[in-house]
Amino acid sequence: MAYSGDVLRGHTETIILAILKDKDSYGYEILKTIIDTGGGLIDIKDATIYTAFKRMERDGLIITYWGENEGARRKYYSITDRGREYYETKVREWRELNTILNKLIGGQFGEK
Amino acid sequence: MKFLLYPKTKEILELREELYSMMCDSYDDCRKSGLPPKECYNRSLVIMDDYRSAVREVERGGTIEALRRNTVLLTLTYFLILTAVFFIVSFAVLDGFHLSWLIVVGGAYLYLFVLSISFFIYGQLFNIRSMSRFSLFGMFISAVLLAYAFPSLYISVMGFKSIWSFSWLIIPVILFVYLLLDLLLFGRTGKRGMFWAELTFTSLVLTTAVYLIVSYFYNLWNVAWIAYIVLLAVLSIVFLIATNRKNA
């Protein structure tokens with residue numbers, strides 16, 4: 001069973017920033033990383049990725065530049081300092097939420 | 001081709017280039033995995049599947065600005081040409097203004113129609129449902145003016161036999177076409193009950209158009225009402241088939 005992009009809603013930006021924090025990348029490579037890492041269970045649309053890029057660029061989380069690789073002209077995305085801060089915050093939030101959800105969904109009620 | 005009708009704004013051009021580059025990457029990647037070119041080509045096309053939502057996302061502000069710019073340009077160009085035609089015909093052909101005002105009236109009706117089409121195309125391109133639907137209604141109103149009001153007025157003014165007494169029969173036909181288009185383009189995304197209500201109403205308008213036209217031209221007022229019985233039967237059959245398919 002493949003999950004649609006909906007399951008990533010609210011996390012798309014964080015996932016993209018996680019990919020970009022180590023090296024600059026381009027649209028297809030980012031998309032492929034998400035799909036491959038998802039083990040074939042994540043079906044995310046290219047337009048979803050592109051709209052996320054635009055939002056992130058508007059919010060100053062990433063910057064873009066055109067570059068060439070193996071003869072192909074591509075738009076590269078690079079994380080900004082603000083993007084790194086945002087990423088750290090989101091990862092912290094995710095860890096806290098993950099702990100709570102594990103307890104709630106796992107039925108560990110009343111435990112601190 | 002998908003981007004042919006879009007305004008050539010910076011955002012649209014960038015999006016097109018980005019999606020195209022992703023398509024090329026997808027194709028190359030697929031070829032490296034050993035799949036045949038045709039299969040890879042088809043797979044790379046999937047990139048464009050959801051391009052409309054991407055267009056809408058990047059163009060929110062620009063769309064309205066481009067629409068405003070194009071509308072002003074269209075209006076200016078159109079009315080400049082219309083004014084030129086009006087004066088040329090008045091002075092060079094008719095030698096006066098006694099009939100040439102018809103050019104202005106017909107031209108204004110045509111302008112409304114063209115403007116509605118232009119708004120409709122924008123609504124469709126940028127997935128703005130309310131704009132598409134509203135401009136379709138505008139097309140209906142201007143079609144009534146163009147197909148009913150103007151020809152009747154023209155024939156009266158020119159001194160031919162008046163057609164006002166029966167030319168209104170075209171209105172139910174135009175109304176039917178409008179309702180049918182509205183149903184086909186926007187009905188399926190609505191609620192199921194609403195779809196059937198619209199379908200019933202649309203077919204009722206068609207039946208009324210047929211009833212009025214047939215009765216008027218063939219003087220069959222006492223028999224033509226059977227069209228409504230036929231409509232009821234056809235609708236019932238369609239509804240039964242649809243219900244059976246849904247339950248199957």
Side-chain angles (χ1 to χ4, degrees), chain A residues 2-10 12-13 15-16 19-20 23-40 42-78, chain B residues 1-35 37 39-66 124-129:
Chain A
Y3 299 100
S4 73
D6 286 351
V7 294
L8 301 182
R9 199 182 292 277
T12 318
E13 277 94 343
I15 293 167
I16 293 171
I19 296 167
L20 293 177
K23 72 176 179 84
D24 296 355
S25 188
Y26 53 93
Y28 183 71
E29 191 176 54
I30 295 171
L31 183 74
K32 199 164 179 301
T33 305
I34 296 174
I35 291 170
D36 289 351
T37 312
I42 301 287
D43 177 24
I44 189 164
K45 291 262 188 292
D46 312 86
T48 311
I49 288 285
Y50 190 80
T51 52
F53 288 152
K54 290 307 288 183
R55 265 198 313 273
M56 292 163 76
E57 198 180 348
R58 231 173 7 231
D59 296 343
L61 305 177
I62 54 170
I63 50 166
T64 61
Y65 61 91
W66 287 94
E68 280 203 21
N69 188 355
E70 295 168 9
R73 189 166 179 264
R74 295 190 183 103
K75 193 183 202 178
Y76 279 84
Y77 297 92
S78 180
Chain B
M1 280 299 280
K2 285 181 191 288
F3 287 86
L4 192 68
L5 292 173
Y6 285 99
K8 306 290 177 282
T9 61
K10 181 174 163 277
E11 286 79 9
I12 296 283
L13 294 175
E14 264 187 19
L15 170 68
R16 188 182 66 180
E17 194 165 359
E18 171 87 20
L19 291 181
Y20 177 71
S21 138
M22 284 166 89
M23 271 176 71
C24 294
D25 285 330
S26 164
Y27 180 83
D28 292 342
D29 196 41
C30 176
R31 289 290 290 138
K32 276 179 198 158
S33 70
L35 287 167
E39 169 74 18
C40 291
Y41 175 72
N42 289 336
R43 283 189 184 199
S44 68
L45 284 183
V46 174
I47 301 274
M48 288 288 179
D49 265 4
D50 202 23
Y51 74 100
R52 281 191 180 195
S53 40
V55 169
R56 197 176 174 187
E57 178 67 28
V58 301
E59 257 296 308
R60 270 184 295 190
T63 305
I64 301 302
E65 188 45 45
Q124 289 295 93
L125 285 175
F126 293 103
N127 252 353
I128 310 173
R129 191 180 148 89

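Every chain is numbered from 1 and lettered A, B, ... according to where its sequence line falls, protein lines coming before strand lines. Since this is a predicted model, take the numbers as computed values, not measurements.
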Subject >> ring pair (Phe, Tyr, Trp, His ring centres under 6.0 Å) partners for Tyr26(A), two or more places apart >> reply: Tyr76(A)

Subject >> Approximate separation, where rounding is to 0.5 Å, of Glu18(B) CD and Thr64(A) OG1 >> reply: 8.5 Å

**OP:** Nearest 0.5 Å please: distance from the CG atom of Leu19(B) over to the OH atom of Tyr50(A).
**Re:** 7.0 Å

Subject >> Over all atoms of both residues, closest heavy-atom pair of Arg74(A) and Ser21(B) >> reply: CG-OG, 4.0 Å

Subject >> Partners passing salt bridge (Lys or Arg N to Asp or Glu O under 4.0 Å) against Arg31(B) (at least two apart in sequence or in another chain) >> reply: none

